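Structure record follows, encoded as structure tokens.
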Number of protein chains: 2
Amino acid sequence: MGQKTADPRAASAPAAPLTQRQEARRLGILAATTRLASRGGFDAVQMRAVAESSNVALGTLYRYFPSKIHLLVATMQDQLEQLHETLRKRPPTEADPAARVAGTLMRAFRAMQREPHLADAMVRALTFADRSVSAEVDAVSRLTTAIIVDAMGLPVPPGPEQLSVVRVIEHTWHSALITWLSGRASIAQVKIDIETVCGLIGRR
Amino acid sequence: MGQKTADPRAASAPAAPLTQRQEARRLGILAATTRLASRGGFDAVQMRAVAESSNVALGTLYRYFPSKIHLLVATMQDQLEQLHETLRKRPPTEADPAARVAGTLMRAFRAMQREPHLADAMVRALTFADRSVSAEVDAVSRLTTAIIVDAMGLPVPPGPEQLSVVRVIEHTWHSALITWLSGRASIAQVKIDIETVCGLIGRR
DNA sequence: CGCTAATGTGGAACACGTTCCAGTGATTCG
DNA sequence: CGAATCACTGGAACGTGTTCCACATTAGCG
């Protein structure tokens, strides 16, 4: 009676396998979301509009993504995966680990500047998410961590102290992004903040 | 035409003076908000409920606070002012500036733990706020900065580098709070993150 | 091929933030 | 005191996220 079988994508791995059609639908929804978000930001991503724009019924949209927040967090995950891919192909070249991390984050930041509305939608969703989205937000967080750890060029299993530093960098990254998106900090200030926090790297 | 006279409290100082009745109303609204938030968090702060609970018509509530976000950010400002007051009376006693800041933030954190729902409502509002609330969010940010600067025991005008450090600490504080509130980080982890970022103090 | 369960469709309905308005005080100024 | 202005009330109305439901389509499976 209760469960209507598994959602088509509970967290990431151990969910229903998704047929081709379903995967295509999912991607279509994410594409529509990106499109709408790139225009009007968070507010423009209206569930009815997403459904229409991706040729899917509202109920179906909600079956794939149980809330607007889930949808936008999934979009962020999508974008981050692309970024991670790009970064793997052309990794940062700076000599100093701290500079590599700062450079990587600034690259990501520049990508956000190109699509500020999209960035707005994704970041607002990320920080507004409550416990019901924690699994998905966690996935995004792991991705971000991976990107930073890669940039640091750490030996595979980083120690707990290094992980703390990475977490603090991630905190600063998110929060600085928010202050920029809400117009309370300039691009230059975000840069300074990122560089400042990267000063934590390579110290004990 | 257009402006319906000044809102009863645009940002902070240069607004309409507010009569006693009005100030009382304002405080009543904030009290009702705190009450409701302390129970059910962000979702429980429903504008109709706030209006009813503070014996004010919905339209009046909106005249005082133009949105739910404004209302919650104002509540946070209120709480922070109280905290600042408390801290001024009993300042941190640690010898090291970094330890003083960490201790101060942990004290604030403990206050949040006592009212997690209230904290949830306020912090979610703070990070969800868009440009239309930037003045109010800025006021909160200035208050937070003041608290941290006080704890550092800095000479009155801190240099730009020190201000960057303070901003990074603030970023970490907000973001760590969010991860705790959404159940993705433990209290211990928040403590570690705060202590880690405080390692930036007293260097350079 | 037909049966059955799972999926998808279209749309109504509901909740809550927000806006608006007509009427009723309350306050101030002449 | 009278009049004008402003604030407050009560409530209707609207938009958007979310839920629900009756029906249609699809996909596997004997």
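Chain identifiers are assigned alphabetically (A, B, ...) following the order of the sequence lines, protein sequences preceding nucleic acid strands; residue numbering begins at 1 within each chain. The shown structure was predicted, so the numbers you read here are calculated from the model rather than taken from an experiment.
Rounded to a whole Å, the CG atom of A:L72 is 16 Å from the P atom of D:dT16. Nucleotide C:dC16 holds its P atom 13 Å from the OH atom of B:Y62, rounded to whole Å. Rounded to whole Å, atom C1' of C:dG8 lies 10 Å from atom CZ of A:R21. Atom P of nucleotide D:dT25 and atom CD of A:Q22 are separated by 18 Å, given to the nearest angstrom. Note: CZ (A:F65) to C1' (D:dT19) measures 19 Å, nearest angstrom. Atom CG in A:L36 sits roughly 13 Å away from atom P in D:dT16 (whole-Å rounding). Between the CG atom of B:N55 and the P atom of D:dT9 there is a distance of 9 Å, rounded to whole Å. Counting to the nearest Å, the P atom of D:dA27 and the CD atom of A:E23 are 16 Å from each other.
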Scan the side chains in residues 78-87 of chain B for donor-acceptor partners under 3.5 Å anywhere in the protein, sequence neighbours excluded, and list what turns up.
from: B:H84; atom 1: NE2; to: B:D150; atom 2: OD2; distance (Å): 3.0
from: B:T86; atom 1: OG1; to: B:Q82; atom 2: O; distance (Å): 3.0

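Residue pairs satisfying the side chain to side chain donor-acceptor pair (under 3.5 Å) criterion with at least one member in residues 162-173 of chain B, sequence neighbours excluded, are listed as follows: A:S175-B:H171, A:D193-B:R167, A:D193-B:H171, B:S141-B:E170, B:T145-B:E170. Among residue pairs with one or both ends in residues 97-106 of chain A, none qualify as side chain to side chain donor-acceptor pair (under 3.5 Å); sequence neighbours excluded. Screening residues 117-135 of chain B for side chain to side chain donor-acceptor pair (under 3.5 Å), with sequence neighbours left out, gives B:D120-B:R124, B:D130-B:S132.
No side-chain donor-acceptor contact under 3.5 Å links B:S54 to the backbone of B:V56.
Between A:E52 and A:R48 there is no salt bridge, since no side-chain nitrogen of the basic residue lies less than 4.0 Å from a carboxylate oxygen of the acidic one.
The 5' end of DNA chain C is approached more closely, in terms of each residue's nearest nucleotide, by A:R25 than by the other of A:R25 and B:K68. If you find the closest nucleotide of DNA chain C to A:L61 and to B:L58, the one lying nearer the 5' end belongs to A:L61.
The side chain of B:R63 places an N or O atom within less than 4.0 Å of a non-bridging phosphate oxygen (OP1 or OP2) of D:dC8. Taking side-chain N and O atoms only, A:Y64 has a distance below 4.0 Å to OP1 or OP2 of C:dG8.
Of the residues in residues 39-51 of chain A, those with a non-hydrogen atom less than 4.0 angstrom from any atom of DNA chain D are A:V45, A:Q46, A:M47, A:R48.
For B:F42, the ring pair (Phe, Tyr, Trp, His ring centres under 6.0 Å) test picks out A:F128, with sequence neighbours left out.
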